[in-house]
Novice: 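Below is one structure. I have some questions about it.
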Amino acid sequence: MAKSPRPSDPLSSGGTPVPVNLPDDKSVVAPQPIYVCGPTASGKSALAVEIARQRNGEIVNADAYQLYRGLEIVSAAPSKDDRAEIPHHLYGVLDPDDSADAGKYLRLAQPVIEEIQSRDKTPVITGGSGLYLKFLTHGPAPLPQGDPDMRAELDATPLSELVAKLQELDPAEAVRTALHNRRYVSRALEICLLTGQRASELRDRWEEKTREVAAGLHGFLIQLPRQILHDRIATRTRMMLDHGAIDEVAALGNASTNCAKAIGVREIRDFLAGEINAATCYERIVVATRQYAKRQETWFRRETWLTPWQPGI
RNA sequence: GGCUCGAUAGCUCAGUUGGUAGAGCAGCGGAUUGAAAAUCCGCGUGUCGCUGGUUCGAUCCCGGCUCGAGCCA
């Protein structure tokens, strides 16, 4: 068997083994999406391309930051070479100044996925943003979109006041909310204030509906030993910094939009401002990326419908 | 060569007026339905550099040694 030539990506483990247990449901009319999940730097893109090759697929991004234009290097978006062979969707479709959230992502992705299916191709949905993926797989709860003005107001209010207000408006939600987590308290309160209804009731309705959704889903969860993942993160960070990440962030300017929160952007901005040296910048990106990868693993562990997949190392 | 200071968790350090020790960071675990690469929560046994001595008891006091930093030659 001839090995197909592969782009020389030092991060790919060379000749990615072919998944053996792809779901085989030829009875289904529209090709069902295949999800490729896993922590950052685990090789999702390479596996997705491999699956797309075999299944007549097209790749759909499910990564919150690869959505943005001008963030390709820092967000480790698939390269031009990768994208040449297989059609890739939803990469670099947002302007750096655009805001994004899981609902917006869902509205973006759903039509793209349906369009791919209408051409009898398999959507291969690839990305590491757990919440965005969850919207795709389980649908949105009937909750209002975030409101920037209200958030600005809530952000300016002491947490203790937010908690007291939530306990007053929706005691049931207050019990379920991590009250030391300002983000979650704000969001719960925002829902109540925006809708005039109880967040707890709206959420209950959704949870009942989604209970059995996972049955029809299939996808893969890439699992790598922690040490190997850490090595890959270090290597990738080095490559990013040596191949344009700094120029990319400089070109973003100082806009404090969504993508200012991306790992790499924060650290490189500090470096460009002269606050930290190059070694510290590198080290901070590596550490932040490792921590992110760990959070992703925690998230995906709960998605038990995913089939674990260990690449041959 | 002499003197001074330091040596405690993976790292940076605190501390014990002698009763075997604790912070930050890292790491590990967890939560997470419209900011998610975000946000938040939980987890601290380590020959207290080595070696003698004093003591009921030494990481702490005393001697020697090793290593590091600084000063004087």
Side-chain angles (χ1 to χ4, degrees), chain A residues 38-42 44 61-68 71 73-77 94 98-109 127-152 154-155 159 162-163 173 176-188 190-191 194-195 199-200 202-211 213 226-227 229-230 233 236-237 240 245 249 256-268 280 283-303:
Chain A
T40 187
S42 62
K44 292 186 292 295
N61 172 39
D63 184 293
Y65 286 84
Q66 290 176 5
L67 245 26
Y68 285 102
L71 223 56
I73 297 169
V74 160
S75 70
L94 295 182
D98 289 338
S99 65
D101 60 57
K104 180 168 181 173
Y105 169 72
L106 178 63
R107 290 190 291 278
L108 237 35
S129 298
L131 183 65
Y132 284 21
L133 282 156
K134 190 95 181 187
F135 266 64
L136 225 40
T137 55
H138 292 68
L143 301 173
Q145 184 170 347
D147 178 77
D149 291 337
M150 180 165 292
R151 285 184 178 180
L154 295 175
D155 283 349
L159 179 59
L162 298 181
V163 170
E173 185 69 4
R176 286 185 241 174
T177 304
L179 296 176
H180 30 68
N181 191 335
R182 186 175 188 95
R183 277 282 172 90
Y184 291 178
V185 174
S186 286
R187 174 60 183 158
E190 178 184 59
I191 294 167
L194 249 29
T195 63
S200 54
L202 297 169
R203 282 190 165 143
D204 280 347
R205 267 181 248 163
W206 172 76
E207 271 167 29
E208 275 166 39
K209 269 201 292 191
T210 57
R211 215 147 271 166
V213 169
R226 193 57 68 79
Q227 186 54 54
L229 189 62
H230 286 183
I233 287 169
R236 191 182 72 183
T237 302
M240 277 180 187
V249 171
S256 62
T257 49
N258 244 16
C259 47
K261 294 201 306 285
I263 295 172
V265 173
R266 318 176 299 215
E267 293 83 359
I268 291 172
T280 304
E283 196 51 46
R284 286 199 193 164
I285 293 174
V286 168
V287 167
T289 307
R290 285 203 298 249
Q291 294 173 335
Y292 170 48
K294 207 165 100 54
R295 272 177 270 132
Q296 289 177 299
E297 290 189 329
T298 299
W299 182 293
F300 289 128
R301 229 168 261 158
R302 300 201 307 174
E303 303 294 335

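What you see below is based on every heavy atom in this structure, not just the backbone, and it leaves out hydrogens, waters and symmetry mates. All chains are named by letter (A, B, ...) in the order of the sequence lines, taking the proteins before the strands, and each is independently numbered beginning at 1.
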Novice: On RNA chain B, check which nucleotide each of A/Gly139 and A/Ser129 is closest to and give me the residue with the more 5' one.
Specialist: A/Gly139
Novice: Under 4.0 Å, counting only non-hydrogen atoms across every strand here, what does A/Tyr105 touch: a base, just sugar-phosphate, or nothing?
Specialist: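 No contact.
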Novice: For A/Lys134, answer base if it contacts any base atom (sugar-phosphate contacts may also be present), sugar-phosphate if it contacts only those atoms, and nothing otherwise; contact means non-hydrogen atoms under 4.0 Å.
Specialist: base
Novice: Side-chain N or O of A/Arg151 versus OP1/OP2 of B/A38: is the shortest distance under 4.0 Å?
Specialist: no
Novice: With rounding to the closest Å, how many angstrom separate the C1' atoms on B/U8 and B/C3?
Specialist: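 Here B/U8 and B/C3 have their C1' atoms 25 Å from each other.
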Novice: For B/G46, which nucleotide is its Watson-Crick or G-U wobble mate, given both distances must be under 3.5 Å?
Specialist: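 Across all strands, not a single nucleotide pairs with B/G46.
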Novice: Mind telling me whether B/G34 is syn or anti, cutoff 90° either side of 0?
Specialist: syn
Novice: So does A/Arg226 get a side-chain nitrogen or oxygen closer than 4.0 Å to the phosphate oxygens (OP1/OP2) of B/G29?
Specialist: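 Yes, such a contact exists.
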Novice: Does some side-chain heavy atom of A/Arg203 sit less than 4.5 Å from a side-chain heavy atom of A/Glu173?
Specialist: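 Heavy-atom side-chain distance check passes, below 4.5 Å.
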Novice: Using a 4.0 Å heavy-atom cut-off, does A/Gln291 contact any base of the nucleic acid, only the sugar-phosphate backbone, or nothing at all?
Specialist: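 Sugar-phosphate contact only.
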Novice: Establish whether the base of B/A37 is bridged to the side chain of A/Asp63 by a donor-acceptor pair shorter than 3.5 Å.
Specialist: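 Answer yes: a donor N or O sits under 3.5 Å from an acceptor.
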Novice: B/C48 and B/C11: how far apart are their P atoms, nearest whole angstrom?
Specialist: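 Going atom to atom, P in each nucleotide, I get 15 Å.
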Novice: When you check the phosphate oxygens OP1 and OP2 of B/G30, does a side-chain N or O of A/Thr298 lie under 4.0 Å from one of them?
Specialist: yes
Novice: Evaluate the side-chain proximity of A/Phe300 to A/Leu133: yes if any heavy-atom separation is below 4.5 Å, no if none is.
Specialist: yes
Novice: When rounded to the nearest 0.5 angstrom, what distance separates CD1 in A/Ile263 from CD1 in A/Ile233?
Specialist: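 The CD1 atom of A/Ile263 sits 9.0 Å away from the CD1 atom of A/Ile233.
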Novice: Searching all strands shown, indicate the nucleotide that pairs with B/G24 (Watson-Crick or G-U wobble; both distances under 3.5 Å).
Specialist: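 Matched B/G24 with B/C11 under the 3.5 Å cut-off.
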Novice: Treating A/Ser129 as the side-chain partner and A/Ala64 as the backbone partner, does any N or O pair qualify as donor plus acceptor under 3.5 Å?
Specialist: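 It does hold such a pair.
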Novice: Rounded to the Å, how far apart are A/Ile191 CD1 and B/G34 P?
Specialist: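 After rounding, the gap between these two atoms is 5 Å.
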Novice: When you measure from the side-chain N and O atoms of A/Arg295 to the phosphate of B/A31, is any distance below 4.0 Å, counting only OP1 and OP2?
Specialist: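 So the side chain of A/Arg295 is outside the cut-off, no N or O lying under 4.0 Å from OP1 or OP2 of B/A31.
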Novice: Across the strands shown, which category fits A/Asp147 at heavy-atom distances under 4.0 angstrom: base, sugar-phosphate, nothing?
Specialist: nothing
Novice: Determine the contact category for A/Arg266: base if any of its heavy atoms lies under 4.0 Å from a base atom, sugar-phosphate if only primed atoms, P, OP1 or OP2 are that close, otherwise nothing.
Specialist: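 The residue A/Arg266 makes sugar-phosphate contact but no base contact.
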Novice: Sticking with atom C1', work out how far B/U20 lies from B/G15, rounded to a whole angstrom.
Specialist: 13 Å
Novice: Would you tell me if any nitrogen or oxygen in the side chain of A/Asn258 comes within less than 4.0 Å of OP1 or OP2 on B/A37?
Specialist: no
Novice: So what does A/Gly264 hit on the nucleic acid, given a heavy-atom distance under 4.0 Å: a base, only sugar-phosphate, or nothing?
Specialist: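 Contact class for A/Gly264: none.
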Novice: Could you tell me whether A/Ser75 contacts a base, only the sugar-phosphate backbone, or nothing, with contacts defined as non-hydrogen atoms closer than 4.0 Å?
Specialist: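 Base: the residue A/Ser75, judged by heavy atoms under 4.0 Å, touches a nucleobase.
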Novice: Students often get this wrong, so: under 4.0 angstrom with heavy atoms, is A/Val265 touching a base, only sugar-phosphate, or nothing?
Specialist: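 Contact class for A/Val265: none.
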Novice: Between C1' on B/A37 and CZ on A/Phe300, what's the gap in Å once rounded to a whole number?
Specialist: 12 Å
Novice: Without decimals, in angstroms, what is the distance between A/Arg176 CZ and B/C40 P?
Specialist: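 One finds 23 Å between P of B/C40 and CZ of A/Arg176, rounded.
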Novice: Please determine if a side-chain N or O atom of A/Tyr184 lies less than 4.0 Å away from the OP1 or OP2 oxygen of B/A31.
Specialist: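 Result: no.
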Novice: Would you check if A/Thr298 and A/Arg301 make a side-chain contact, meaning some heavy-atom pair closer than 4.5 Å?
Specialist: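 When only atoms from C-beta onward are counted, A/Arg301 and A/Thr298 do touch, with a gap below 4.5 Å.
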Novice: If you check every side-chain atom of A/Lys261, which of B/A38, B/U39, B/G27 has the closest atom?
Specialist: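 Between B/A38, B/U39, B/G27, the one nearest the side chain of A/Lys261 would be B/A38.
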Novice: Provide the distance between the two P atoms, one in B/C13 and one in B/G6, to the nearest whole Å.
Specialist: 13 Å
Novice: Under 4.0 Å from OP1 or OP2 of B/G29: is there any side-chain N or O of A/Lys294 that close?
Specialist: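 It does, given that an N or O in the side chain of A/Lys294 lies less than 4.0 Å from OP1 or OP2 of B/G29.
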Novice: Is the shortest heavy-atom distance from the side chain of A/Val265 to the side chain of A/Leu71 under 4.5 Å?
Specialist: yes
Novice: What integer number of Å spans the P atoms of B/C43 and B/G24?
Specialist: 11 Å
Novice: With rounding to whole Å, what would you report as the distance between B/G42 and B/G49 at their P atoms?
Specialist: 31 Å
Novice: When you compare B/C61 with B/G19, how far apart are their P atoms, in angstrom units rounded to a whole number?
Specialist: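 Rounded to whole Å, the distance is 12 Å.
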Novice: Just checking, is any N or O donor in the side chain of A/Thr40 or A/Arg236 under 3.5 Å from an acceptor N or O on the other one?
Specialist: yes
Novice: Which is true for A/Arg203 with a 4.0 Å heavy-atom rule: it touches a base, it touches only sugar-phosphate, or it touches nothing?
Specialist: sugar-phosphate
Novice: Considering only the P atoms, how many Å lie between B/U17 and B/G53, rounded to the nearest integer?
Specialist: 25 Å
Novice: Tell me the interatomic distance from A/Asp101, atom CG, to B/G34, atom C1', rounded to whole angstroms.
Specialist: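 Taking CG of A/Asp101 and C1' of B/G34, I get 4 Å after rounding.
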Novice: For B/C28, does OP1 or OP2 lie under 4.0 Å from any side-chain N or O of A/Arg290?
Specialist: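 Checking B/C28 against A/Arg290, no side-chain N or O comes under 4.0 Å of OP1 or OP2.
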Novice: Answer yes or no: is there an ion pair linking A/Arg187 with A/Glu190, defined by an N-O contact shorter than 4.0 Å?
Specialist: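 Counted as a salt bridge, because a side-chain N and a carboxylate O are separated by less than 4.0 Å.
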Novice: Can you tell me the base-pairing partner of B/G63? Count Watson-Crick or G-U wobble geometry only, both distances below 3.5 Å, and say none if there is no partner.
Specialist: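 Pairing partner: B/U51.
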Novice: Just call it for A/Ala141: base, sugar-phosphate, or nothing, with non-hydrogen atoms closer than 4.0 Å on any strand.
Specialist: base
Novice: Base, sugar-phosphate alone, or nothing: which one does A/Ala288 contact when heavy atoms must sit under 4.0 Å apart?
Specialist: nothing
